Amino acid sequence: MSSPPRWTSPSTPSPRAPTERCPSRTATRRTLPPAMPAGKKAADAAVAAAKKAGTVLLVLGLGDSQESEGFDRTNIDLPADQVDLAKRVLDANPNTVVMVCHGGVVDLTVIDAPALLDAALLGQAVGTAMADVLFGDVDVSGRLAETVPLRLQDSPAYTNFPGEHSHVTYGEGLFVGYRWYDARDIEVAFPFGHGLSYTTFDYSDLTLSENKDGIEVKLNVTNTGGRDGIDVVQAYVSVDGSAVTRPVRELKGFTKVAVAKGATVPVTLTISRDDLAYWDIRLHQYVVEGGTYTVAVGASSRDLRLTGTVDVTADETRRLPLTLDSSVTEVMADPAGAKAFKPLIDQLTAKMGGGGGDAGKSIGADLTAMVGPTPVGRAAKLSDGAISTEQIQQLLDQANAG
């Protein structure tokens with residue numbers, strides 16, 4: 001899903017078309033009186049000032065009482081009075097840039113502004129930094145470090161948090177942030193890694209190769225806009241046919257690159273083997289799984305522009321012995337196990353399917369898939385006495401001996 005073009009990431013505004021330079025900092029600006037009345041009078045004064053202005057910068061955000069490190073928010077809403085103010089100001093002057101200061105994500109789908117600037121919580125120098133950005137003194141290259149959902153209910157921990165009796169279940173497991181939204185194909189307001197620029201970029205000529213350090217990713221980035229700019233190239237990795245549970249894709253590398261107007265620059269990323277590894281709970285160590293890896297390169301987790309595949313060599317690890325508790329799938333995935341057990345498994349599936357060469361055809365089932373999760377030790381019961389547990393153990397000993 002492509003991201004909405006009007007959202008800008010931290011320090012990444014787009015108050016005009018991406019390639020149009022902002023007016024100089026010497027441009028005339030209207031400011032509100034230093035001492036503003038409170039409540040509705042303040043809102044009325046802001047609306048009146050907006051009607052007289054050529055361009056409006058409206059700053060919204062969450063106050064100290066609305067978010068803190070000391071308590072958890074129960075929603076992602078901006079205060080209702082700020083949403084109302086934003087709508088009134090935009091009605092008074094559609095040429096309005098909305099800047100948001102906040103610690104956690106907020107719902108901005110209720111505000112139809114031509115430009116949004118996420119200032120996050122940048123500290124006491126935020127004004128100077130935002131002025132540099134808004135007046136085009138610097139190109140913008142911030143990227144969202146979290147997904148902005150359409151609803152709080154879509155978030156990974158919604159059904160698990162805050163838990164009960166002082167216990168919280170981390171039910172989302174590996175599927176934190178964008179991994180959750182991608183795995184469930186949930187539409188989002190703004191995806192992880194998103195951010196605009198005052199220029200535009202094209203990606204081309206992706207090549208992938210394995211080396212001793214990991215995966216080397218090479219591509220070209222071309223500045224197709226009207227001014228110099230900075231882009232953040234992001235590389236996401238997935239593993240075809242993985243033996244373990246994995247997210248649809250994971251960010252494994254990124255780099256910031258400056259590109260002059262009209263220029264093309266080569267970009268190289270190295271995704272280390274450490275970053276490709278997962279924790280094997282059986283071996284109690286990190287392991288790189290061998291196989292075909294897919295690398296997608298783009299400007300966000302939902303804006304993937306180039307895709308390629310590369311074969312990765314597996315780590316050499318000690319072989320895990322097969323036991324009576326090993327599943328049929330695990331046994332048959334082991335070369336020695338498959339050699340020792342194939343006659344038995346074929347016999348069992350044929351017996352369950354009513355005999356004949358097309359096991360399971362008579363009941364419309366793939367019996368090989370059905371018995372796959374079954375512990376191989378249960379084959380004794382499934383065979384109706386045709387083979388004993390002792391005989392299965394002998395086959396296991398044979399397979400484990402190599």
Side-chain angles (χ1 to χ4, degrees), residues 3-18 20 22-23 25 27-68 73-122 126-136 140 142 144 148-153 187-190 194-196 198:
S3 54
R6 61 188 184 87
W7 174 259
T8 59
S9 62
S11 300
T12 312
S14 182
R16 289 173 172 73
E20 181 179 348
C22 293
R25 197 176 292 205
T28 301
R29 287 171 285 169
R30 291 182 178 272
T31 57
L32 298 178
M36 288 292 296
K40 185 178 183 302
K41 289 184 178 181
D44 291 343
V47 172
K51 291 179 179 179
K52 300 175 183 178
T55 301
V56 176
L57 174 61
L58 177 63
V59 182
L60 306 177
L62 300 176
D64 292 343
S65 63
Q66 292 155 338
E67 70 172 352
S68 168
R73 292 161 59 196
T74 58
N75 59 64
I76 58 173
D77 301 329
L78 280 169
D81 57 346
Q82 291 196 33
V83 175
D84 180 67
L85 172 63
K87 292 179 178 178
R88 291 181 62 194
V89 168
L90 283 160
D91 286 341
N93 190 334
N95 194 28
T96 295
V97 178
V98 174
M99 184 172 87
V100 187
C101 298
H102 61 106
V105 299
V106 292
D107 177 16
L108 290 175
T109 61
V110 295
I111 299 176
D112 188 18
L116 300 173
L117 172 62
D118 184 350
L121 292 178
L122 298 183
V126 61
T128 301
M130 293 302 97
D132 288 342
V133 166
L134 287 167
F135 285 96
V140 285
L144 288 174
V148 181
L150 288 171
R151 312 180 307 156
L152 180 63
Q153 291 90 331
E187 185 177 358
V188 300
F190 304 104
H194 175 62
L196 300 182
Y198 286 129

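Given the structure is predicted, the values throughout are model-derived calculations rather than measurements.
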Any side-chain heavy atom of [X] sitting closer than 4.5 Å to one from [Y]?
| X | Y | result |
| --- | --- | --- |
| Val97 | Leu134 | yes |
| Val98 | Ile111 | yes |
| Cys101 | Asp118 | no |
| Lys87 | Asp112 | no |

Quiz item: Rounded to the nearest 0.5 Å, how far apart are CG of Leu58 and CD of Gln82?
Solution: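 Atom-to-atom, Leu58:CG and Gln82:CD are 8.0 Å apart.
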Practice problem: Could you tell me the separation between the CD atom of Gln153 and the CD1 atom of Ile76, rounded to the nearest 0.5 Å? | Solution: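 The distance works out to 8.0 Å.
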Considering all heavy atoms of both residues, which atom of [X] and which atom of [Y] are nearest to each other, and what is their separation?
| X | Y | result |
| --- | --- | --- |
| Val105 | Pro149 | CG2-CD, 4.1 Å |
| Met99 | Leu57 | CB-CD1, 4.0 Å |
| Leu122 | Met130 | CD1-CE, 3.5 Å |
| Asp77 | Asn75 | N-OD1, 3.0 Å |
| Val100 | Gly61 | CG1-CA, 4.5 Å |
| Ala86 | Leu60 | CB-CD1, 4.0 Å |

Quiz prompt | Counterpart residues, side-chain contact (heavy atoms from CB on, under 4.5 Å), relative to Pro94 (two or more places apart) | solution = none
Practice problem: Check side-chain contact (heavy atoms from CB on, under 4.5 Å) between Glu67 and all other residues, then give those that pass, not counting sequence neighbours. | Solution: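 Leu62, Arg73, His102, Leu121.
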Practice problem: Walk me through it: do Arg88 and Asp44 pass the test salt bridge (Lys or Arg N to Asp or Glu O under 4.0 Å)? | Solution: CA-CA 9 Å; Arg88 291 181 62 194; Asp44 291 343; 2.8 Å; yes
Practice problem: Take Thr109 and Leu150, measure what side-chain contact (heavy atoms from CB on, under 4.5 Å) needs, and give me the verdict at the end. | Solution: CA-CA 7 Å; Thr109 61; Leu150 288 171; 3.9 Å; yes
Quiz item: Can Leu108 and Leu78 be said to form a side-chain contact (heavy atoms from CB on, under 4.5 Å), step by step?
Solution: CA-CA 8 Å; Leu108 290 175; Leu78 280 169; 3.5 Å; yes
Quiz item: Only one of Asn95, Val89, Asp91 clears side chain to side chain contact (heavy atoms under 4.5 Å, CB included) with Asn93; which?
Solution: Asn95
